[in-house]
Amino acid sequence: RHPLATFFHLFFRVSAIVTYLFCDWFSNSFVACFVTILLLLSFDFWSVKNVTGRLLVGLRWWNQIDEDGKSHWVFEAKRVPTIAASTEAEARIFWLGLIICPVIWTMFFFSTLFSLKLKWLALVIAGISLQAANLYGYIHCKLGGQKTMSRVTSRLFGTTEAPKRQSRRISEGGTEEHGKTGTR
């Protein structure tokens with residue numbers, strides 16, 4: 001069990017959303033609200049990407065750049081034969097938080113756009129971007145080595161070379177890595 005990781009997985013996400021909703025009540029400074037929310041979103045991105053994903057669901061992703069300047073995306077999934085009931089609950093919390101928060105930030109985007117509060121638009125786009133990046137990375141970790149993910153990706157981007165670029169390997173720590181190479 002990882003109660004502290006579960007707490008921080010939700011704390012930064014919920015804090016950023018609550019601060020966005022009620023910041024005008026507590027402060028008249030747009031800059032202070034903007035920076036506070038952006039810091040909370042950044043803390044959330046870092047903690048989910050580097051800590052809670054690994055502890056709660058055994059998934060990890062990152063980008064490496066080799067000597068030739070090519071970008072290599074690595075998606076790692078830890079092989080766990082059985083999951084205890086406590087970790088199943090933590091995994092559900094992880095995935096619910098990972099899926100629901102980008103939806104909330106997308107709703108904020110449309111409400112900001114339609115209410116013409118354009119000064120908040122950059123912050124909402126940053127929120128969507130950071131949340132969606134983690135969601136994409138962890139979905140790719142979960143499904144990365146399967147052929148279905150290759151097909152979905154190739155259909156989505158209209159390319160047929162996605163299955164050729166994926167590789168699978170087992171690292172020393174008993175984890176399965178799915179690497180997608182390509183230049184960016």
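Rounding to the nearest 0.5 angstrom, the gap separating the CD atom in Gln64 from the NZ atom in Lys70 is 14.5 Å. Taken from SG in Cys23 to CG in Leu123, the straight-line distance is 9.5 Å, to the nearest 0.5 Å. From Leu118, atom CG reaches atom CG of Leu116 across 5.5 Å, with rounding to the nearest 0.5 Å. Between atom SG of residue Cys141 and atom OH of residue Tyr136 there is a gap of 10.0 Å, rounded to the nearest 0.5 Å. In this structure, Gln131 CD and Thr106 OG1 are separated by 9.5 Å, a value rounded to the nearest 0.5 Å. Once rounded to the nearest 0.5 Å, the distance linking CD1 of Ile99 with CG of Asn134 reads 12.5 Å.
In this structure, Val103 is not a member of the same hydrophobic cluster as Tyr138, with clusters built from ILVMFWY side-chain heavy atoms closer than 4.5 Å. Under the 4.5 Å side-chain heavy-atom criterion for ILVMFWY residues, no single connected hydrophobic cluster contains both Trp46 and Leu4. Ile93 and Phe7 fall into different hydrophobic clusters, defined by Ile, Leu, Val, Met, Phe, Trp and Tyr side-chain heavy atoms under 4.5 Å apart, directly or through other members. Under the 4.5 Å side-chain heavy-atom criterion for grouping Ile, Leu, Val, Met, Phe, Trp and Tyr, Leu10 is not connected to Leu59 through any hydrophobic cluster.
In this structure, the side-chain hydrogen bond (donor to acceptor under 3.5 Å, both in side chains) partners of Thr112, at least two apart in sequence or on a different chain, are Tyr20.
A ring-centre distance under 6.0 Å is not found for Phe26 and Phe22. For Phe12 and Phe45, the ring centers sit 6.0 Å or farther from each other.
Remark: the Asp66 side chain and the His72 side chain contain an N/O donor-acceptor pair separated by less than 3.5 Å.
Pairs engaging residues 24-41 under the side-chain hydrogen bond (donor to acceptor under 3.5 Å, both in side chains) rule: none recorded [sequence neighbours left out]. Within the structure, salt bridge (charged side-chain N to carboxylate O under 4.0 Å, His left out) contacts touching residues 39-51 (residues at least two apart or in different chains) are Arg13-Asp44.
No side-chain heavy atom of Thr6 sits under 4.5 Å from any side-chain heavy atom of Thr52. Side chains of Leu55 and His9 form no contact here, defined as non-hydrogen atoms less than 4.5 Å apart. The closest side-chain heavy-atom distance from Phe30 to Trp120 is below 4.5 Å. Phe8 has its side chain out of reach of Val51: every pair of non-hydrogen atoms, C-beta onward, lies at least 4.5 Å apart. You'll find the side chain of Trp105 reaches within 4.5 Å of the side chain of Ile17, heavy atoms only. Here the side chains of Trp95 and Lys142 are in contact, with some heavy-atom distance below 4.5 Å. Side-chain atoms of Trp62 and Glu76, non-hydrogen and from C-beta on, do get closer than 4.5 Å to each other. The shortest distance between side-chain heavy atoms of His2 and Leu56 falls below 4.5 Å.
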> Which is it for Asn63 and Val74 under the side chain to side chain contact (heavy atoms under 4.5 Å, CB included) test, yes or no, and what are the steps along the way?
Replying inline: CA-CA 6 Å; Asn63 182 13; Val74 181; over 6 Å; no
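For CZ of Phe43, the number of neighbouring non-hydrogen atoms (other residues, nucleotides, ligands) closer than 6.0 Å is 12 at most.
Counting all heavy atoms, side chain and backbone alike, Leu135 lies closest to Pro102 at CD2-CG, 4.3 Å. Nearest heavy-atom pair across Leu41 and Ala16 is CD2-CB, 4.0 Å.
Judged by distance alone, the side chain of Ser111 and the main-chain N or O of Phe108 form a donor-acceptor pair under 3.5 Å.
Ring geometry, Phe75 versus Trp61: the interplanar angle falls under 30°, so the pair is classed parallel (tilted spans 30 to 60°).
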